[in-house]
Structures are given as structure tokens and as C-alpha cells.
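Here is the structure we will look at, set down as C-alpha cells.
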Number of protein chains: 2
Amino acid sequence: MDTTQRTDQQRSADRRRRELLEAADRVVLRDGPQASMNAIAAEAGITKPILYRHFGDKGGLYAALAKRHTDALLDSLRAALDAPAERRERVEATLDTYLAAIEARPQVYRFLMHPAEAGQVGDQGFDVGKHSWPLLRRMGEELAQVIEERLDLGPGSQQLARVWGHGIVGMMHAAGDWWLGERPCPRDELVRSLADLLWGRLAAAGDKVGGPGF
Amino acid sequence: MDTTQRTDQQRSADRRRRELLEAADRVVLRDGPQASMNAIAAEAGITKPILYRHFGDKGGLYAALAKRHTDALLDSLRAALDAPAERRERVEATLDTYLAAIEARPQVYRFLMHPAEAGQVGDQGFDVGKHSWPLLRRMGEELAQVIEERLDLGPGSQQLARVWGHGIVGMMHAAGDWWLGERPCPRDELVRSLADLLWGRLAAAGDKVGGPGF
DNA sequence: CCGACGGTGTTACTAACGGTAACACCGAGT
DNA sequence: ACTCGGTGTTACCGTTAGTAACACCGTCGG
């Protein structure tokens, strides 16, 4: 029958695809994001055209690769975000989950977020714009949804939730990126500082020298 | 004398360098960040090796180009941040200055922040990692300094200020990036929403359905 | 048994890029 | 006259993404 045949072929194609993805993963995590298609093909034990047949172009391979990691990270974040706990606890747990993830696998993180970095001679890394940003965008949108469906924000709540979603994700991202590079403090301290910021400690702090007008 | 001669030559060299930078600016703003060195040289009416003599490599040209815009943006931000006004006003003014800047010249912004985007066929854009991030880092550090020298944050204030500096900058950046792409609301509304977030409205908001424990 | 077909794989190539010699010109100083 | 520093060129190298064109092999339909 056509179906059984097709199923068989599809199965083997999918397995092949997964193997190729894992090989690509190894190379990218070892050589950095500027890994060439040749190198990836070599790691997989094949040659370039097969990669192109499976993924179209380098962006396609990148997208498939990024999707795996992005989905995994988003799953953990959702779990932390949906836990039955106080809001502050949930926020801290989510921040901590994200930071723990980028701390545990900085190479994956740098691949997803700074794909063109570490390229020393030819800087033709993977293309960033179309594929790494979706991670931040997806996180922002998901957070916005959670905010909007859980918090009572009055009129314009949807817009507000989206602004906050993207803003909070950006805060987490930038602070995490800086923290990962300099490691100025333990993780839980960073988590507390960021949660404090979100809890309005910036507005509540007193001025240092002049009056409040200055 | 050596000095006068040198001065003359240095002057002409600096003028040439500025001309080349302006040509590069035009090309980058027209063709996007994946502009090739050949294209830039052609726009300047010369050929590649001269560019390399002036800027070393593509990263050097990028860095010089980015430094101009970055310095300009940082100057405006400093002005807004140092204005003699209430804290909330200063925060809103700074947010608005940044957002106005990226709104007025989105191509410059996209060049500074997403240099590898818009590359359709060959994705060898400028190298991001080493040169575009310094903008965010510099903004974060400057903001941290301002926070630390103006606010009374108690013990660990320096660390806290740095976390907040980078976090707030990241919030502004991510929200601005999203806003610039979707334009879901006028600028002042975005500014207000972000300031509200920093002012603790997230923590103060009531839950929507279940009790506060959920 | 045999030719067509779809899948996997290869070699060999193109076009473009970043970057680099090697050489040519030209004005100023000794 | 003759070097020296700066500007400019052509022509090249090595690497990269991406693409034909061809070969092999198991499975069908006749």
C-alpha cells in the first residue's frame, strides 16, 4: 500500500532528520554558532546537499535547532509560572528557572541569543534576526497572556499586559546576560534584586542627598 | 617641522575617515546591515583596501559606525536622566527619549541592535556580539551609576543598582523593540505603562479570579 | 525479468564575501 | 635627484552558502 510505504519512508526520514539535528547540536555547541554547514555535515557523517535537502537553508537548520531548545525552555518557564503559589513566589521561581537554565547551559543560551558572536575570521554565523528573537518574543507574549488572564488591571488591561510581558522578559534577559558574563553575585541574590525592582522598590527608595525635587 | 606636517596629514586623514564613515552610514542605512565592504567602498567612490587601511577590518568599521550613534543616543539619555525634575518625571523622560530616538530612526536602531537581520541570501552581516551589545551594556552601566549615586538603597546598594540598571535598560529595550515592530499604542502610553511597571503596579494589582493564594 | 521511481548519497561547481599582497602615483622635505 | 608617507589601484586567496548533475539501491508495476 502507498500508506504503509509512505509511513516507512517518513519514519526513516524523521529519524534521519533527528540524527542530523543532534549532530548539528553537537557541532554548534562545540564550535560556537559560526559552525559551517560543511562542519555540521561532516559531524553527521554526510555531505552538505543532504542538509540542504532536509532543512532548505542554513536558516531552516537554525530554526529547527532553536525550536527544540526554545520549546524546552518555555516548558520549564510555564511550569514555574503556573505553580500554585503566591505571586511573588511565582515571579521569583520563574526568574530563577530562566537564570538557572542559562547558567546550566550557557553555550545553548549564547547560541540562541548571540548567534553571531565568537566568530573570529569570517563572521557568517547563523542569521540572528529571524530566529533568535522569536524566543524573546514568545516569552513576552506568553508572559503577557498569563498576566492578562490572572491580574485585574482595569481598563486597557490587554495592552498593559503585553507591554509588561515584553518589558519583564527584556529585563530578565538583559540582567541575565550581564550576570552570566560578570557573575557579580549568586543567582538567588539576582532573583531577589529583580523581584524587588518589579515590586516597586525603585519608586519607594529615598533620595540620597538633595531634596526629592532634585 | 614634523608637527605641522603631521597635523596636516592627520587632519586630511581624519576628514577622509569621516567621509568614509558617512558613506558607510548611507549604505548601511539603505541596504541594511548586511551591506558588503565592496558596496561601502563603492559608495565612497573608492575600493576595499582603503577601508581596511582605515578601519582594520569589518568589525572596526562597524565599531566606529556604532560608536557615533551610540554616543549620540547616550548623550540625549544623559540629558533626560539628569534633568532637574521628580523621579517619575525623569524616568518617563528618559524612556520617552529612548523610544523617540528609535522611532525617529528605526534603521539606525535596527543596525545597532539587530545587525544580522534582513540578510536574505548570504547572511554575513556585521558581527553582532562584540559591538552592538556594548550599547545595551553601556546604557545599563550608566543607568546603574545614576541610580547608585542618587538613591539611598541601603546595604549592597552598588550591586543592586547595577542589577537594576541592566534590568531597566533591558526592559526598555525589549518593550521598545516589540513596540517598534507592532506599534500597538502611541508612545506616551507605552512610556506610562513601563513607568507604572517600575512603580510597582504589577505587585499592587489584584488577582482576577481566585483568592490571592492562587 | 525489467524498466520506472523515489530516496540517499556523492563530486564538482558557482557566486559572493572578507581580507591581503603587490604595485603605481604624487606631493613634500633633504 | 631621491626617498618617504599617504592614497589609490588590480588581482588575488581562502572560506562560505548554496546548487546542479550524476550514481546507487530497494521497491514497485508490467
Side-chain angles (χ1 to χ4, degrees), chain A residues 1-20 23-24 27-28 31-42 44-63 115-116 119-127 130-131, chain B residues 1-20 23-24 27-28 31-63 115-116 119-128 130-131:
Chain A
M1 292 262 287
D2 252 356
T3 52
T4 63
Q5 213 178 30
R6 263 199 185 170
T7 311
D8 272 8
Q9 290 180 344
Q10 221 168 355
R11 264 186 156 183
S12 94
D14 280 8
R15 262 181 44 194
R16 207 87 189 103
R17 185 188 166 93
R18 232 166 287 160
E19 289 172 15
L20 298 185
V27 175
V28 163
D31 294 358
Q34 86 288 2
S36 77
M37 294 297 268
N38 258 328
I40 294 174
I46 54 165
T47 49
K48 274 193 300 177
I50 303 181
L51 283 182
Y52 283 96
R53 282 223 265 269
H54 273 271
F55 302 103
D57 62 352
K58 199 171 187 175
L61 174 56
Y62 175 100
Q120 31 193 6
V121 42
D123 55 9
Q124 43 256 48
F126 287 105
D127 53 340
K130 300 195 191 117
H131 300 299
Chain B
M1 294 261 284
D2 251 354
T3 52
T4 63
Q5 212 179 31
R6 264 199 183 169
T7 313
D8 272 8
Q9 290 179 346
Q10 222 169 354
R11 265 187 156 181
S12 93
D14 280 8
R15 263 181 43 196
R16 206 90 189 101
R17 185 187 166 94
R18 231 165 288 159
E19 289 171 15
L20 297 185
V27 175
V28 163
D31 294 359
Q34 87 287 3
S36 79
M37 293 297 266
N38 259 327
I40 294 174
E43 168 75 26
I46 53 166
T47 49
K48 271 195 299 176
I50 303 183
L51 283 182
Y52 284 96
R53 280 224 265 270
H54 272 272
F55 301 102
D57 62 350
K58 198 171 189 175
L61 174 56
Y62 175 102
Q120 31 193 6
V121 43
D123 53 11
Q124 44 256 47
F126 286 105
D127 52 341
V128 199
K130 298 194 191 118
H131 301 298

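It should be emphasised that the depicted structure is a prediction, and the values quoted were computed from it without experimental measurement. Just so it is clear: chains get the letters A, B, ... in the order the sequence lines come, proteins before strands, and each one is counted from 1. Hydrogens, waters and symmetry mates are skipped; everything else that's a heavy atom, side chains included, is used.
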Here the distance between atom C1' of C:dA16 and atom NZ of B:Lys48, to the nearest Å, is 10 Å
When rounded to whole Å, the CD1 to C1' distance for the pair A:Ile50 and C:dT11 reads 12 Å
Value for CG (B:Asn38) from CD (B:Glu43), rounded to nearest 0.5 Å, stands at 13.0 Å
In this structure, NE2 of B:His54 is separated from CG of B:Asp14 (nearest 0.5 Å) by 9.0 Å
Assign each of A:Gly56 and B:Gly45 the nucleotide of DNA chain D bearing its closest heavy atom; nearer the 5' end lies the nucleotide of B:Gly45
hbond_proxy B:Lys58 side chain to C:dG19 base (donor-acceptor, 3.5 Å cutoff):
no
Between CG of B:Asn38 and P of D:dC12 the distance, given in whole Å, is 16 Å
* Distance check: side-chain N/O of A:Thr47 vs OP1/OP2 of C:dT10, anything under 4.0 Å? -> yes
Separation of D:dT10 atom C1' from B:Tyr52 atom OH, nearest Å, is 16 Å
Open item on the list: Students often get this wrong, so: under 4.0 angstrom with heavy atoms, is B:Ile46 touching a base, only sugar-phosphate, or nothing?
Closed with: sugar-phosphate
Note: for A:Pro49 and A:His54 on DNA chain C, the residue whose nearest nucleotide lies more 5' is A:His54
Value for CG (B:Leu61) from CD1 (B:Ile40), rounded to nearest 0.5 Å, stands at 5.0 Å
To the nearest angstrom, the CD-P distance between A:Gln34 and D:dG14 comes to 20 Å
In this structure, CE of A:Met37 is separated from CD1 of A:Ile50 (nearest 0.5 Å) by 11.5 Å
Rounded to whole Å, CG of A:Leu51 lies from P of C:dG9 at a distance of 10 Å
Using only heavy-atom distances, decide whether a donor-acceptor pair under 3.5 angstrom links the side-chain of A:Arg53 to the base of C:dG9. yes
Between the NZ atom in B:Lys48 and the CZ atom in B:Arg53, the distance rounded to the nearest 0.5 Å is 13.5 Å
To the nearest angstrom, the CZ-P distance between B:Phe55 and D:dT7 comes to 12 Å
### Query
C:dG7 phosphate, OP1 or OP2: any side-chain N/O from A:Arg16 under 4.0 angstrom?
no
note: A:Asp57, atom CG; D:dA17, atom P; distance rounded to Å ~ 11 Å
